Amino acid sequence: AQKVTQAQTEISVVEKEDVTLDCVYETRDTTYYLFWYKQPPSGELVFLIRRNSFDEQNEISGRYSWNFQKSTSSFNFTITASQVVDSAVYFCALDSNYQLIWGAGTKLIIKP
Amino acid sequence: SAVISQKPSRDICQRGTSLTIQCQVDSQVTMMFWYRQQPGQSLTLIATANQGSEATYESGFVIDKFPISRPNLTFSTLTVSNMSPEDSSIYLCSVVVDSYEQYFGPGTRLTVT
């Protein structure tokens with residue numbers, strides 16, 4: 001069965017702290033894609049990153065970084081020096097034949 | 001990437017009525033999806049709407065309740081029929097573009113009273 005688990009329901013940190021959002025997935029596919037999306041209070045879903053299963057290199061984009069480890073089936077997301085504007089719900093998702101299987105989401109609250 | 005618009009952005013509807021949601025994409029795309037996001041929840045796929053074929057519905061969703069049209073490669077509609085308060089959700093369309101990236105419209109917030 002395909003499954004995505006985001007065990008952290010809600011995380012609250014003070015601005016400028018680093019924060020890591022966990023994502024663990026299950027799949028029997030050898031080729032798959034993993035995604036992170038951001039959903040701010042306005043409701044739109046913002047695409048952050050796509051990673052394919054053959055590329056285990058970590059990725060950094062500004063204050064955002066992603067750690068993909070196939071050995072532990074994890075695709076964790078770290079925000080460095082968090083800002084109030086980072087407050088949102090973050091979803092991790094697994095692509096199965098173009099259909100996204102979603103985690104429950106982690107609500108991130110950044111306090112000033 | 002793709003720019004996706006949805007109409008209406010929000011609506012308040014009475015029980016028993018129907019609402020048609022439109023999704024417009026700024027480029028031609030083959031694969032389009034409709035999702036529902038109930039308050040405080042993650043997304044649930046309603047159906048896949050590929051142009052030139054019947055929509056494919058996920059378990060728990062039926063065509064009579066959620067009819068979908070996909071007349072061309074840039075447009076689709078989802079109708080929520082015979083609405084009840086349980087249908088109050090955000091409805092989102094999404095498209096797959098190059099490299100498996102999936103982009104979402106801004107969503108339609110539906111409240112059924």
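Order of the sequence lines fixes the chain letters, A, B, ..., with proteins taken first and strands second; residue numbering starts at 1 for each chain. Being a predicted model, the structure only gives us computed values, none of them experimental.
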Q: Verify the distance criterion only: is there a donor paired with an acceptor across the side chains of A:D29 and A:T31 at less than 3.5 Å?
A: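 No, because no side-chain N or O of A:D29 sits under 3.5 Å from a partner of the opposite role on A:T31.
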
Q: What pair of heavy atoms forms the shortest contact from A:F47 to B:Q102, and how long is it?
A: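 Of all heavy-atom pairs spanning A:F47 and B:Q102, the closest is CD1-O, 4.2 Å.
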
Q: Name, in order of residue number, those residues of residues 104-113 of chain B that have a heavy atom at a distance of less than 4.5 Å from a heavy atom in chain A; otherwise write 'none'.
A: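 Under the 4.5 Å heavy-atom cut-off, B:F104, B:P106, B:R109 qualify.
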
Q: Please look at B:Q41 and chain A and tell me whether the side chain, the backbone, both or neither of the residue comes under 4.5 angstrom of a heavy atom of that chain.
A: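 The backbone, not the side chain.
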
Q: Which bit of B:L43 comes within less than 4.5 Å of chain A, counting heavy atoms only: side chain, backbone, both or neither?
A: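 Backbone plus side chain of B:L43, per the 4.5 Å heavy-atom cut-off to chain A.
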
Q: Are A:Y64 and A:W36, when compared by the centres of their aromatic rings, separated by less than 6.0 Å?
A: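 Judged by ring-centre distance (under 6.0 Å), A:Y64 and A:W36 do not meet the cut-off.
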
Q: Measuring only between side-chain heavy atoms, which start at C-beta, is A:L100 closer than 4.5 Å to B:F33?
A: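 Sidechains of B:F33 and A:L100: no contact.
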
Q: Is the closest basic N to carboxylate O distance between A:K111 and A:E15 below 4.0 Å?
A: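 Not counted as a salt bridge, because no side-chain N and carboxylate O are separated by less than 4.0 Å.
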
Q: Let me know if B:T48 has heavy atoms under 4.5 Å from chain A in its side chain, its backbone, both or neither.
A: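 Contact with chain A involves the side chain of B:T48 alone.
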
Q: With only heavy atoms counted, which part of A:Q6 is less than 4.5 Å from chain B, the side chain, the backbone, both or neither?
A: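 Neither the backbone nor the side chain of A:Q6 comes within 4.5 Å of chain B.
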
Q: Is the shortest side-chain N to carboxylate O distance from A:R50 to A:D95 below 4.0 Å?
A: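 A salt bridge is absent here (no side-chain N lies under 4.0 Å from a carboxylate O).
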
Q: Cationic tip of A:K70 within the cone over A:F54's six-membered ring, i.e. under 6.0 Å and within 45° of the normal?
A: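 Yes, A:K70 sits over the ring of A:F54.
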
Q: Apply side-chain contact (heavy atoms from CB on, under 4.5 Å) to the pair B:I4 and B:Y103, showing each step before the final yes or no.
A: CA-CA 8 Å; B:I4 307 168; B:Y103 291 89; 4.1 Å; yes

